[in-house]
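These notes are about the structure you will find just below.
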Amino acid sequence: MKTNILAFWRKNSQDMFRLTQFRLTALYSGMLMVFLTLFIVIVYSLLYIIITHDQERRVNSLADQERKAIEDILAQQTLLDFLDNQNVVFLSEDQFFFYVVNPRGELIMGDEVNRGVRPALLAALQEWTPNEKELKYIDVSLPSRQHEFSRFRSLELRLLAAARPIIVHNQLVGVLYVGMDTTTFSRLFKWLWMIFIGLAVLFIGVAVLLSHFMSKRALVPIQEAYNRQREFVANASHELRTPLSVIFSSVEALEMDEEVKVSEFSQKVMHRLREEVKRMTKLINDLLTLARSDSEHAFLEIVKEPFDFRPHAERTIQVLKELADKKDIHLHFDSPESVVGSGDADKLTQLLYILLDNAIKYTPNGGHVSLSLRVELYKQHQLLVISVKDTGIGIAPEDIGRIFDRFYRADKARTRQHGGHGLGLSIAKWIVDAHQGTIHVQSEVAKGTEFIVKIPF
Ligand code: ATP
Ligand code: MG
């Protein structure tokens with residue numbers, strides 16, 4: 001199975017803390033927002049339900065009282081009398097109108113607070129065939145001349161209407177419509193809604209700020225502990241370098257010694273000692289590099305200057321040739337005459353060394369390793385493209401995502417025999433990130449692996 005992976009920016013420690021802080025902020029403020037939204041929705045709904053319910057109850061009781069009053073009047077009077085009595089029936093302060101419409105659709109009795117809306121109201125009511133106790137909201141607008149609030153704007157009214165049949169002497173005389181003015185409430189709710197939204201936005205802003213602040217504070221001790229740890233590793237590695245180099249030169253001096261030279265056993269021990277010291281020196285150097293890469297000033301470690309990469313690559317190949325020859329591995333190199341661009345020459349060479357070293361290490365005897373360099377133009381930027389391809393053991397898909405982790409080795413038994421610590425690719429990744437580049441891996445188990453690095457050059 002062929003696996004392809006795009007390794008994105010590795011999160012260095014700074015990014016990691018920033019990401020954690022961002023996540024914590026999002027979590028805290030998300031929770032606050034949920035509570036706030038719930039609170040607003042519940043309070044608003046409760047208010048709405050209670051007030052609407054109360055209004056409906058009032059308009060219903062108004063309709064019942066009114067119906068009784070009108071039926072009483074009609075029962076006691078002749079039609080002529082009642083025509084004079086049109087204005088008697090206004091029972092409540094917020095009542096806006098009452099109309100009695102006979103079965104033929106003619107208005108036989110009625111009044112309203114404002115005469116101007118009568119045609120609109122009657123038209124709206126005429127369309128309505130109410131069921132028992134059914135209520136209806138009617139929106140009418142009062143032309144500007146007819147109200148005192150504003151001389152230019154028409155006033156929108158929201159009325160709640162109820163209807164009752166008027167029955168006199170067991171005969172249906174007509175339908176009574178009564179309406180209450182609920183404009184104030186509907187306007188109040190509109191305002192309330194806006195106020196709530198405004199408050200919500202304000203509180204959410206405060207919540208985000210507060211969570212940001214709190215998560216920052218929560219991370220301070222962790223960050224401090226992390227920094228101490230990093231400094232400790234950096235200092236320890238640094239301190240270990242001097243004694244190690246002393247040991248190394250002592251071993252070399254001992255190897256020269258005549259007495260050691262004659263004893264096969266001593267030679268063997270010296271050789272093992274020398275290899276282990278070399279291995280340890282590499283480990284210490286790698287640890288130091290990574291500890292530095294974690295620091296806030298990691299960018300200072302990278303010095304970008306214009307240079308030609310080709311000679312560096314040739315030298316690296318030269319250095320590794322011995323290793324390749326030992327395993328009878330063919331090294332191929334493909335590059336233009338010059339690969340000129342800007343970057344940290346030492347770090348990029350180290351990157352190349354790490355990739356080639358792996359390719360040779362993880363390729364069986366007689367295999368092929370090829371390095372290709374080229375410069376590409378991408379969106380008006382120059383990209384250095386490094387490809388290191390081998391015909392080696394390959395990397396299993398489940399390992400590919402982790403090979404850039406520190407101390408991660410895909411096949412522990414096999415890699416121990418190669419003497420690796422699993423730090424090479426972590427350093428490679430850091431170098432790529434520090435150059436704002438990307439690194440891709442393409443691998444097939446038992447067939448081979450290709451690392452493709454793209455770096456703005
Ligand atoms: P170090 O580089 O520190 O000496 P290492 O080579 O084991 O040790 P990395 O270079 O970080 O560590 O590589 C991590 C792991 O990825 C290796 O142990 C190996 O399993 C796998 N790997 C890396 N490159 C290749 C490759 N070209 N082919 C197959 N496996 C590879
Ligand atoms: Mg390696």
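As the structure lists them, so they are numbered: ligands from 1, and atoms in each ligand from 1.
Note: no N/O pair closer than 3.5 Å links Arg409 and ligand 1 by distance alone. Taking any N or O of Phe451, backbone or side chain, none lies under 3.5 Å from an N or O belonging to ligand 1. Considering backbone and side-chain atoms together, His421 places an N or O closer than 3.5 Å to an N or O of ligand 1. In terms of polar-atom proximity, Gly420 is not counted as a contact of ligand 1, lacking any N or O under 3.5 Å from an N or O of the ligand. Polar contact check, Ser426 against ligand 1: no nitrogen or oxygen pair lies under 3.5 Å apart. Checking only distances, Ile354 never comes within under 3.5 Å of ligand 1, N or O to N or O. Close N/O approach between Ile393 and ligand 1 is not found [any backbone or side-chain N/O within under 3.5 Å].
Within the 4.0 Å heavy-atom criterion, the part of Asp390 lying near ligand 1 is the side chain and not the backbone. Proximity of Leu425 to ligand 1, defined as any heavy-atom pair under 4.0 Å, is shared by backbone and side chain alike. Looking at Tyr408 against ligand 1, only its backbone comes within 4.0 Å, counting heavy atoms.
The shortest heavy-atom distance from Gly392 to ligand 1 is not under 4.0 Å. At least one heavy atom of Ile395 sits under 4.0 Å from some atom of ligand 1.
Of the residues Asp181, Leu121, Val117, the one that meets the side-chain contact (heavy atoms from CB on, under 4.5 Å) test with Phe97 is Leu121.
Counting heavy atoms of neighbouring residues, nucleotides and ligands inside a 6.0 Å radius, atom CD of Gln229 does not exceed 12 of them.
Looking at Asp286 and Lys282, a side-chain N of the basic residue comes within less than 4.0 Å of a carboxylate O on the acidic one, giving a salt bridge. Salt bridge status for Asp139 with Arg158: present, with a side-chain N to carboxylate O gap under 4.0 Å. Classification of Asp54 and Arg57 as a salt-bridged pair holds, one side-chain N sitting under 4.0 Å from a carboxylate O. Salt bridge status for Glu276 with Arg272: absent, with no side-chain N to carboxylate O gap under 4.0 Å.
The distance between the ring centers of His212 and Tyr28 does not fall below 6.0 angstrom. Under the 6.0 Å cut-off for aromatic ring centres, Tyr48 and Phe189 qualify, their centroids lying closer than that. For an aromatic pair to be called close, the ring centres must be under 6.0 Å apart, and Phe39 with Tyr44 fails this.
Numbered from 1 in the order shown, with element, the atoms of ligand 1 that lie under 4.0 Å from a heavy atom of Gly422 read 1 (P), 3 (O), 5 (P), 7 (O), 8 (O), 11 (O), 12 (O). Against a heavy-atom cut-off of under 4.0 Å, Ala410 is close to the following atoms of ligand 1: 18 (O), 20 (O). Heavy-atom contacts of Gly424 reach the following atoms of ligand 1: 1 (P), 2 (O), 3 (O), 9 (P), 10 (O), 11 (O) (cutoff under 4.0 Å).
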Item to complete: Begin from the C-alpha positions of Lys389 and Asp334 and carry the test salt bridge (Lys or Arg N to Asp or Glu O under 4.0 Å) through to its verdict.
Response: CA-CA 12 Å; Lys389 200 170 173 179; Asp334 173 32; over 6 Å; no
